[in-house]
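Each remark here refers to the structure printed beneath this line.
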Amino acid sequence: MQRIISAVLALVLAAPAVAEGENVSINPPAEGSVSTEEGLSAFMRVYEVASHPRCSNCHVGADNRPMWSGPSYGETRPHGMNIIAGESRIGAESVLCSTCHAYNEGANDGPHMAPQVAMNWQLAPVEAEWFGKTAVEVCNQLRDPERNGGRDFMEIASHLDHDLILHWAWNPGGGREPAPYSLQEHVDDVLAWGVAGYPCENDE
Ligand code: HEC
Ligand code: HEC
């Protein structure tokens with residue numbers, strides 16, 4: 001029995017590691033406690049994150065081209081080496097993303113090396129196109145279940161915590177600029193926006 005327990009424990013401990021202290025709590029504010037105005041400011045902070053290079057470089061549109069942008073890249077341009085993700089969004093049609101972005105926890109974090117996480121590296125779904133999009137556009141996409149993977153704000157928040165790519169975005173290494181605020185603050189902002197009723201600036 002002892003053996004089985006330690007074997008199970010070993011497996012649990014070996015599970016994709018989110019470093020200690022990085023887990024976030026998901027505590028939505030009480031219903032009715034967030035005004036529309038507060039919800040809108042929470043969304044503007046969500047947008048600062050979504051439009052940041054650590055997020056938007058992968059959240060690109062139907063040309064299926066990952067982007068290289070942000071201070072560590074100098075000029076904004078499509079991914080070098082003519083990398084195109086294809087409709088598969090993983091490069092199945094040409095060169096797989098995993099050729100360089102191998103499934104490898106927290107490794108390869110030197111300057112200009114291909115980031116690696118313990119998760120499949122691939123473009124976000126085309127519906128979640130954020131690169132170059134305005135706050136109103138991202139706001140309407142994120143509250144639309146048809147275009148956000150069918151998630152409500154609680155599900156968006158827990159997706160944010162469980163996604164190792166996001167933990168990477170706040171701790172990217174290699175001289176890359178981390179996404180603004182913190183993962184916890186970002187989750188709190190998503191929750192506040194949701195509780196406020198998902199206001200967007202173009203609402204009547
Ligand atoms: C390496 C590429 C990559 C990066 C970088 C990335 N994402 Fe994503 N994102 C994805 C993929 C792939 C999915 C689809 C996963 C799924 O639906 O389970 C996704 C889905 C999402 C979703 C689900 C909702 C929707 O509209 O589809 C949210 C929210 C999200 N990402 C937020 C972020 C934020 C915030 C950042 C930056 C802090 C970020 N992502 C950076 C690849 C990326
Ligand atoms: C031949 C190797 C190679 C392949 C294949 C490759 N990448 Fe990359 N990728 C890199 C390197 C190297 C960097 C970092 C360049 C730098 O920092 O100057 C990078 C960076 C990125 C970034 C920017 C991350 C950031 O800093 O915000 C994204 C997004 C990205 N790759 C997506 C993809 C996707 C999606 C695929 C598959 C369609 C892919 N890559 C295939 C080598 C590769």
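Each ligand, and each atom within it, is numbered from 1 in the order the structure gives.
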| said: I'd like to know if Trp168 and Phe131 are part of one continuous hydrophobic network [Ile/Leu/Val/Met/Phe/Trp/Tyr, side-chain heavy atoms within less than 4.5 Å]. | reply: no

| query | For atom 5 (C) of ligand 1, what is the nearest protein heavy atom, given as residue, atom name and distance? | reply | Arg54 O, 3.1 Å

| note | Contact region, Pro66 to ligand 2, non-hydrogen atoms below 4.0 Å, reads side chain

| Using heavy atoms and a threshold below 4.0 Å, how should the contact between Asn57 and ligand 2 be classified: side chain, backbone, both, or neither? | both

| task | Could you tell me the residue and atom name of the protein heavy atom closest to atom 2 (C) of ligand 1, and the distance to it rounded to 0.1 Å? | result | Cys58 SG, 2.0 Å

| Which protein heavy atom lies closest to atom 29 (C) of ligand 1, and at what distance to 0.1 Å? | Ile156 CG2, 3.9 Å

| request: Examine His79 and say whether one of its N/O/S atoms is closer to atom 8 (Fe) of ligand 2 than 2.8 Å. | output: yes

| query | Near Val95, which atoms of ligand 2 are under 4.0 Å from a heavy atom of that residue? | reply | 5 (C)

| message | For the 3.5 Å polar cut-off, considering only N or O atoms, please tell me whether Tyr73 and ligand 2 meet it. | response | yes

| query | Looking only at heavy atoms, is any part of Ile165 under 4.0 Å from ligand 1, and if so is it the side chain, the backbone, or both, or is it neither? | reply | side chain

| Hey, quick one: are Leu123 and Met67 part of the same hydrophobic cluster, counting side-chain heavy atoms closer than 4.5 Å, chains of contacts allowed? | yes

| message | Within this structure, what is the CH2-OG distance for the pair Trp130 and Ser51, rounded to the nearest 0.5 Å? | response | 9.5 Å

| request: Considering only non-hydrogen protein atoms, determine which one is nearest to atom 21 (C) of ligand 2 and report residue, atom name and distance to 0.1 Å. | output: Trp68 NE1, 3.3 Å

| task | Might you work through the side chain to side chain contact (heavy atoms under 4.5 Å, CB included) test for Arg89 and Val60, ending with a clear yes or no? | result | CA-CA 10 Å; Arg89 307 292 267 182; Val60 299; 4.3 Å; yes

| remark: Among non-hydrogen protein atoms, atom 32 (C) of ligand 1 lies closest to Trp130 CH2, 3.3 Å

| query | Would you say His59 and ligand 1 have an N/O pair spaced under 3.5 Å apart? | reply | yes

| query | Side chain, backbone, both or neither: which part of Arg89 has a heavy atom under 4.0 Å from ligand 2? | reply | neither

| task | Within a distance under 4.0 Å of any heavy atom of Ile83, pick out the atoms of ligand 2 and give their elements. | result | 4 (C), 5 (C), 36 (C), 37 (C), 38 (C), 39 (C), 41 (C)

| task | Assess Leu123 for proximity to ligand 1: is some non-hydrogen atom of it under 4.0 Å away? | result | yes

| field | Short side-chain to backbone donor-acceptor contact, Glu129 and Val126, under 3.5 Å | value | no

| Pick from Phe153, Tyr47, Tyr198, Trp193: which one makes a side chain to side chain contact (heavy atoms under 4.5 Å, CB included) with Leu142? | Trp193

| query | Considering only protein heavy atoms, which is closest to atom 38 (C) of ligand 1, and at what distance to one decimal place? | reply | Cys55 SG, 2.5 Å

| Does at least one non-hydrogen atom of Gln141 fall below 4.0 angstrom from an atom of ligand 1? | yes

| Taking every non-hydrogen atom, the tightest pair across Val187 and Ser25 | CG1-O, 4.0 Å

| said: At less than 2.8 Å, would any N/O/S atom of His101, backbone or side chain, sit next to atom 8 (Fe) of ligand 2? | reply: yes

| Straight-line distance of Ser56 OG to Lys133 NZ, nearest 0.5 Å | 12.5 Å

| request: Run the numbers for me: atoms of ligand 1, each under 4.0 Å from some heavy atom of His186, listed by number. | output: 35 (C)

| request: Specify side chain, backbone, both or neither for Ala128, according to which of its non-hydrogen atoms lie closer than 4.0 Å to ligand 1. | output: side chain

| field | Arg143 vs Asn148, side chain to side chain donor-acceptor pair (under 3.5 Å): CA-CA, chis, key distance, verdict | value | CA-CA 7 Å; Arg143 68 180 176 180; Asn148 75 6; over 6 Å; no

| message | Quick check: is Val138 connected to Tyr181 through a chain of hydrophobic side chains (ILVMFWY, heavy atoms under 4.5 Å apart)? | response | yes

| query | What closest approach, in Å, do Ala118 and Leu164 show between heavy atoms, and which atom pair accounts for it? | reply | O-CD1, 3.5 Å

| field | Side chain proximity check, Pro115 to Trp121, heavy atoms < 4.5 angstrom | value | yes

| Does ligand 1 have any atom that is closer than 4.0 Å to a heavy atom of Tyr181? | no

| Heavy-atom distance to atom 20 (C) of ligand 1: which of His162, Arg143, His52, His159 wins? | His159

| task | Can you sort out which atoms of ligand 1 are near Trp170, meaning under 4.0 Å from one of its heavy atoms? | result | 38 (C)

| query | With a 4.0 Å heavy-atom cut-off (strictly under), which part of Phe131 contacts ligand 2: side chain, backbone, both or neither? | reply | neither

| query | Which ligand 2 atoms are under 4.0 Å away from a heavy-atom of Leu96? | reply | 5 (C)

| request: Could you name the option among Gly175, Cys100, Ala124 that has the heavy atom nearest to atom 1 (C) of ligand 2? | output: Cys100

| note | Output for pair (Ile26 CD1, Asp188 CG), nearest 0.5 Å, gives 9.5 Å

| Which atoms of ligand 1 are found less than 4.0 Å from any heavy atom of Gln122? | 1 (C), 2 (C), 12 (C), 42 (C)

| message | How far is atom 18 (O) of ligand 2 from the closest protein heavy atom, and which atom is that? | response | His112 ND1, 2.6 Å

| request: Provide, to 0.1 Å, the distance between atom 17 (O) of ligand 2 and the closest protein heavy atom, together with that atom's residue and name. | output: Arg176 NH2, 2.8 Å

| request: Determine whether any heavy atom of Asn64 lies closer than 4.0 Å to an atom of ligand 2. | output: no

| query | Which residue owns the protein heavy atom closest to atom 39 (C) of ligand 1, what's the atom, and how far is it? | reply | Leu166 CD2, 3.1 Å

| Residue Ala85 vicinity, atoms of ligand 2 by number, heavy atom under 4.0 Å | 38 (C)

| query | What about Arg151: any of its N or O atoms under 3.5 Å from an N or O on ligand 1? | reply | yes

| query | Is Pro125 in contact with ligand 1, taking contact as a heavy-atom separation below 4.0 Å? | reply | yes

| message | For the CG atom of Leu96 and the CD atom of Glu93, what is their distance to the nearest 0.5 Å? | response | 9.0 Å

| field | Inter-residue atom distance Arg176.CZ - Met113.CE, 0.5 Å rounding | value | 9.5 Å

| Which of the numbered atoms in ligand 1 are below 4.0 angstrom from a heavy atom of Trp121? | 1 (C)

| query | When hydrophobic residues are tied together by side-chain contacts of less than 4.5 Å, even through go-betweens, does Met81 share a cluster with Tyr73? | reply | yes

| field | Verdict with supporting geometry, Cys200 and Val136, side chain to side chain contact (heavy atoms under 4.5 Å, CB included) | value | CA-CA 6 Å; Cys200 294; Val136 163; 5.6 Å; no

| Are Met44 and Val46 connected in a single hydrophobic cluster, I mean Ile/Leu/Val/Met/Phe/Trp/Tyr linked by side-chain heavy atoms less than 4.5 Å apart? | yes

| query | Can you tell which of Ala92, Gly74, Cys97 gets a heavy atom nearest to atom 37 (C) of ligand 2? | reply | Cys97

| said: With heavy-atom distances below 4.5 Å as the criterion, would you say the side chains of Asn57 and Trp68 are in contact? | reply: no

| task | Measure the CH2-NE2 distance between Trp170 and His52 for me, rounded to the nearest 0.5 Å. | result | 10.0 Å

